[in-house]
Every structure is written in C-alpha cells, then in structure tokens.
Amino acid sequence: DRRVYLFFDADSYDKKEVMQAELKLALALLVKGARSVKSCVWSPEEGKGIDDHLVWKRAQDIDPAFALRGLLHKALSPFVKYANPPFAHLQAYQLDSLCAEIAKNAYLKPFQLSMLSKELADAYSEQGIGIKDVRRELERARQHQRDLERQPEDAGKITQEYGIDFTPASLQEFEMS
C-alpha cells in the first residue's frame with residue numbers, strides 16, 4: 001500500500017523515449033503493488049531536473065522543502081501528465097500512443113486497467129473522449145501487442161543482436177570424411 005512519486009526532468013514532454021520510460025516505470029510500480037504513482041511536474045523554465053528546480057526556488061527566496069511539498073501536493077498521474085499537460089505551451093500525446101505503452105505491460109490486473117482507463121477518459125474529456133472510447137483504444141492496442149508477440153523473430157535481427165549466423169550450411173559441410 002505504497003504511494004510513489006516520480007521526478008522526471010521537466011523536458012520529458014519533448015522526448016518520446018523519456019515519456020515511454022516514465023510510463024513503463026509507472027506501470028511496473030503498479031504491478032509490483034504501488035497503490036498510486038504520481039509524477040511531480042514543474043515548468044521547464046524553473047529548471048530541468050529536480051535539483052535545478054530546487055536551486056531555482058532557493059534563488060526566488062522560496063524554501064526548497066516548501067517547494068518540494070508543493071510539488072508533491074500538485075503531483076498527477078503520469079498518464080494524465082502526458083494526456084493533458086499542466087502547462088499551456090506543451091503538446092499532449094495522443095490517446096493511441098499512451099494506450100500502446102499501457103498495452104506493452106502484460107501483467108496489469110483488470111482493476112488497474114479500469115483505473116487507467118478512467119484516468120485517461122477524465123484527461124481527454126474536453127476532447128469528447130469517454131471511458132468507452134478509451135477502453136476500445138486500449139483493447140485495440142492490447143490486441144496489436146498480442147499480434148506482435150505472436151510474430152516469429154526476424155533472423156536478421158537475431159543475428160545482429162546475438163551474433164548468431166543463420167546462413168544455411170552446404171551439404172559438403174555436413175558430409176563426413
């Protein structure tokens with residue numbers, strides 16, 4: 001029954017790989033028993049990392065401990081963070097991108113999927129997207145993920161990754177002398 005707070009850099013909105021890593025971590029924490037996972041957010045103008053942000057707050061004559069409590073108080077779900085960014089100048093990620101990240105985690109329980117669906121529906125409600133739309137997109141993404149997992153591995157990819165040569169041997173190489 002743990003609450004977990006994430007402090008990813010403020011420029012995470014601009015980097016899809018960072019968004020993917022944050023969501024992957026949040027999902028893994030939920031699967032491992034976290035009651036909730038929240039992302040602490042601040043404007044990129046107030047520092048890139050949490051350390052920079054706290055130094056910036058100190059320069060504004062704001063106690064860093066007070067600033068940290070404020071971040072914890074305003075923390076939001078990482079899925080909501082990317083679906084409906086808290087700062088006007090940031091671009092939201094599309095629902096299908098977020099559902100694709102959720103679908104990559106095969107260990108989520110039904111109640112966790114329902115919780116995430118509700119969070120996303122709330123975040124996208126201004127765009128007219130409801131819970132049924134989110135569930136439909138999530139199911140489509142999960143089916144796509146299952147289809148990907150059923151596809152045979154590409155021999156060229158395996159060769160590159162593990163250094164295994166799958167070139168067929170000639171009959172002469174198999175003949176015994």
Side-chain angles (χ1 to χ4, degrees), residues 2-32 34-108 112-142 144-145 148:
R2 291 172 243 129
R3 291 182 193 176
V4 179
Y5 293 90
L6 305 177
F7 292 86
F8 275 71
D9 286 354
D11 65 350
S12 63
Y13 294 95
D14 302 331
K15 300 175 183 172
K16 186 174 183 178
E17 298 81 15
V18 177
M19 177 271 293
Q20 291 170 326
E22 184 172 359
L23 297 183
K24 185 176 181 178
L25 176 60
L27 291 168
L29 290 166
L30 287 171
V31 166
K32 290 294 185 181
R35 187 177 82 177
S36 69
V37 178
K38 302 288 185 185
S39 286
C40 295
V41 295
W42 58 91
S43 175
E45 293 81 31
E46 297 176 3
K48 180 179 176 184
I50 184 62
D51 53 340
D52 303 319
H53 176 69
L54 295 176
V55 167
W56 185 86
K57 287 291 190 178
R58 169 69 76 198
Q60 305 300 313
D61 288 328
I62 299 171
D63 178 32
F66 181 77
L68 189 56
R69 282 192 301 276
L71 289 175
L72 295 174
H73 180 71
K74 295 185 308 186
L76 56 135
S77 158
F79 301 95
V80 172
K81 170 185 171 180
Y82 291 107
N84 191 6
F87 305 106
H89 66 282
L90 299 173
Q91 184 70 31
Y93 280 84
Q94 296 296 315
L95 177 62
D96 60 341
S97 295
L98 299 179
C99 287
E101 294 308 314
I102 294 169
K104 291 177 185 175
N105 190 311
Y107 302 104
L108 288 167
Q112 292 167 323
L113 289 169
S114 292
M115 178 189 71
L116 293 171
S117 296
K118 172 83 170 86
E119 286 181 8
L120 288 173
D122 290 347
Y124 286 109
S125 65
E126 291 179 9
Q127 298 176 25
I129 295 174
I131 190 83
K132 288 181 181 179
D133 302 313
V134 173
R135 287 182 178 151
R136 194 174 314 122
E137 183 58 36
L138 192 51
E139 184 51 40
R140 189 202 62 72
R142 292 177 77 206
H144 179 72
Q145 189 64 32
L148 287 175

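Any value given below was found using the heavy atoms of this structure, including those in side chains, with hydrogens, waters and symmetry copies removed. Count residues from 1 along the sequence. These figures come from a predicted structure and were not determined experimentally.
Atom CD of E46 is separated from atom CH2 of W56 by 4.0 Å, given to the nearest 0.5 angstrom. With rounding to the nearest 0.5 Å, the separation of CD in E17 from OG in S12 is 12.0 Å. For the atom pair CG (L138) and OG (S117), the distance works out to 5.0 Å, reported to the nearest 0.5 Å. Interatomic distance, D122 CG to S77 OG, rounded to the nearest 0.5 Å: 10.0 Å. The NZ atom of K118 sits 11.5 Å away from the OG atom of S114 when rounded to the nearest 0.5 Å. One finds the CZ atom of F66 at 10.5 Å from the CG atom of L71 (value rounded to the nearest 0.5 Å).
Listed for the N105 side chain is a donor-acceptor partner under 3.5 Å among the backbone atoms of Y107. Judged by distance alone, the side chain of W42 and the main-chain N or O of H53 form no donor-acceptor pair under 3.5 Å. A donor-acceptor distance shorter than 3.5 angstrom exists from the side chain of Q112 to the backbone of L30, with no hydrogens or angles considered.
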Evaluation steps, side-chain contact (heavy atoms from CB on, under 4.5 Å), between I50 and D9: CA-CA 7 Å; I50 184 62; D9 286 354; over 6 Å; no

From CA spacing to verdict: side-chain contact (heavy atoms from CB on, under 4.5 Å), L23, I102: CA-CA 8 Å; L23 297 183; I102 294 169; over 6 Å; no

L72/F7 under side-chain contact (heavy atoms from CB on, under 4.5 Å): CA gap, chis, key distance, verdict: CA-CA 10 Å; L72 295 174; F7 292 86; 3.9 Å; yes

Evaluation steps, side-chain contact (heavy atoms from CB on, under 4.5 Å), between E137 and L98: CA-CA 10 Å; E137 183 58 36; L98 299 179; over 6 Å; no

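Summarising the geometry of A121 relative to G130, their closest heavy-atom pair is CB-C, 3.8 Å, with the distance given to 0.1 Å. Shown here for P85 and L90, the closest heavy-atom pair between the two residues is CB-CB, 3.7 Å. When every heavy atom of L120 is checked against every heavy atom of A83, the shortest pair comes out as CD2-CB, 4.2 Å. Scanning all heavy atoms of the two residues, the minimum distance from G47 to A10 falls at O-CB, 3.6 Å. Looking at every heavy atom in both residues, F87 comes nearest to S43 through CZ-N, 3.3 Å.
Electrostatic pairing of R136 and E139 does not count as a salt bridge here, judged by no charged N lying under 4.0 Å from a carboxylate O.
Here the side chains of R140 and D96 are in contact, with some heavy-atom distance below 4.5 Å. Between R35 and V4, every side-chain heavy-atom pair lies at or beyond the 4.5 Å cut-off. Side-chain contact check for F8 versus L25: some heavy-atom pair is nearer than 4.5 Å. In this structure, the side chains of Q145 and K104 come closer than 4.5 Å at one or more pairs of heavy atoms. L113 places none of its side-chain heavy atoms less than 4.5 Å from the side chain of R135. Residues L68 and P64 form no side-chain contact, since every pair of their non-hydrogen atoms from C-beta on lies 4.5 Å or further apart. Under the 4.5 Å side-chain criterion, counting only non-hydrogen atoms from C-beta, L6 is in contact with E22. Contact check for N84 versus Y124: no side-chain heavy atoms found under the 4.5 Å cut-off.
Applying the 6.0 Å contact sphere to CD of Q60 captures more than 12 heavy atoms from other residues, nucleotides or ligands. When the shell of 6.0 Å around CD of Q94 is examined, it contains 12 or fewer heavy atoms from other residues, nucleotides or ligands. Within 6.0 Å of CD in Q91 there are 12 or fewer heavy atoms belonging to other residues, nucleotides or ligands.
A cation-pi geometry, defined here as NZ or CZ lying under 6.0 Å from the six-membered ring centre and within 45° of its normal, does not hold between K81 and Y93.
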